[in-house]
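Naming convention: chains lettered A, B, ... in sequence-line order (proteins, then strands); numbering from 1 in each chain. Hydrogens, waters and symmetry mates play no part in the numbers below; they use all other heavy atoms, side chains included.
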Amino acid sequence: MSPPEPLVRQVRLRYFAILREHAGISCEERETTSTTVEELYGEIKEEKGFDLEKEFIRVACNGDFVDLDCSLADGDEIVFIPPVAGG
Amino acid sequence: MSPPEPLVRQVRLRYFAILREHAGISCEERETTSTTVEELYGEIKEEKGFDLEKEFIRVACNGDFVDLDCSLADGDEIVFIPPVAGG
Amino acid sequence: MLFDLSSTPIAVDFLRQGMMSQDCGGFVAFEGWVRDYNEGKAVLRLEYEAYAELAILEGRRIIHEALDQFPIKDVRSVHRVGLLDLKEVAVWVGVSAIHRGEAFDACRYVIDEIKSRVPIWKKEFFADGTTAWTRCQNCAGDIGNK
Amino acid sequence: MLFDLSSTPIAVDFLRQGMMSQDCGGFVAFEGWVRDYNEGKAVLRLEYEAYAELAILEGRRIIHEALDQFPIKDVRSVHRVGLLDLKEVAVWVGVSAIHRGEAFDACRYVIDEIKSRVPIWKKEFFADGTTAWTRCQNCAGDIGNK
């Protein structure tokens, strides 16, 4: 039998561009009870006062894009990606 | 009353690319009784043995494109333009 | 080097010469230049910030998609990061192919996808002293500044 | 210099730098390269022959048509004449514009029209010692080698 999922996960967050400026930091380690990246974004958005709704962001987990309903695992590196307007 | 059109016109012909090689010359002065550039092309085509039908050529008179039914005038410079495949 | 980021000026002529090939008949290049005006305001300079690891991963995916989807010979792209002055090249895409139509199509595909998918953000420094992270033109689902 | 002929190598980087402008956001360039193979035969070199006066007149007309039809900033083109080696640039077209879609459309328009309308002919020197004035791909009314 595998051990039960911990209730608290340790994740690393990195911030870029407008979210980095709003957060005032470019990365942080945090403990979270969120179980999906969507839930985590809601938590962070409220805490930092981000005004970007989740419909307008993409999310990367451990260096690649994932869906919003992706489960969080202990040790994940999460990046919320604001809309891109490169070039 | 204006004078009647001369029956013989003096024209200058220039040849490029495949027609220059077929003709063996790059220009010539000639007297012609043709009254249009189309008629002139028929005359030249037969004399030089060109195998390009008139549907596949364009014609320039005095430095710009003209229609095949364009009338010839004394002193005209005529160029028969084989199909272009530049670039 | 199919897709890369550069913090120094993009050596456009060096890049195009590196793609020259005697079995290709056509080459199409796109360059995005830093423009002095956006959203009604004079711009003095730009800053591009990238989530570098994912930008490179996604950029290379786009290049491979283009190679899969179009009968082309080669395609490469470089995007600047950091501070840029007016007229600098912000992004370059080059495509070589036997026939030109396919080079045009592939080049356009690559720049459209880069602009909508690669995590690179643009901050504009305006003449009036304000700055802004350029508003997304893709939120409504289209692919933006075409 | 909107359209010109050149008997010496086309200075692509010089030309593109001459078009750089801080009020344009996008630049698209096409280059036609001398290819080593055509109609199933190895090609050693090419010769381009132009009816120069009319080529320049018609080339400039095409440029003006592009400026009239597309919301672009600038468009220029140079076509080589004379003997060319493999990999040399036979024709170059550059277009600058505020938006990239229009730069792509205008660049493609200009090269398509040049290839079908400008009186410049290509003679291929094949590895087997034969030569040929390249067969027209436009006779059937389409615009050829797209």
Task: Side chains of Asp13(C) and Gln17(D) in contact at under 4.5 Å (non-hydrogen atoms) - done: no
Open item on the list: Taking the side chain as everything from C-beta on, heavy atoms only, tell me whether Glu31(C) gets closer than 4.5 Å to Val28(D).
Closed with: no
TODO: Decide, yes or no, whether a salt bridge links Lys87(D) with Asp23(C) under the criterion of side-chain N to carboxylate O below 4.0 Å.
DONE: no
TODO: Taking only Lys NZ, Arg NE, NH1 and NH2, and the carboxylate oxygens of Asp or Glu, determine whether Arg100(D) and Asp112(C) approach each other closer than 4.0 Å.
DONE: yes
From [atom1] ([X]) to [atom2] ([Y]), nearest 0.5 Å:
X: Ile111(D); Y: Phe104(C); atom1: CD1; atom2: CZ; value: 7.0 Å
X: Ser21(C); Y: Asp36(D); atom1: OG; atom2: CG; value: 7.5 Å
X: Asp85(D); Y: Gln22(C); atom1: CG; atom2: CD; value: 10.5 Å

TODO: Quick one: closest heavy-atom pair of Phe30(D) and Gly26(C), and the distance?
DONE: CE1-CA, 4.0 Å
TODO: Check Trp33(D) against Ser96(C) and note the closest heavy-atom contact, atom names and distance.
DONE: CZ3-CB, 3.9 Å
TODO: Side chain from CB out, backbone as N, CA, C, O: work out which of these in Val34(C) comes under 4.5 Å of a heavy atom of chain D, or both, or neither.
DONE: backbone
TODO: Could you check Arg108(C) against Asp105(D) for side chain to side chain contact (heavy atoms under 4.5 Å, CB included), going step by step and ending with a plain yes or no?
DONE: CA-CA 10 Å; Arg108(C) 199 160 176 167; Asp105(D) 291 340; 2.8 Å; yes
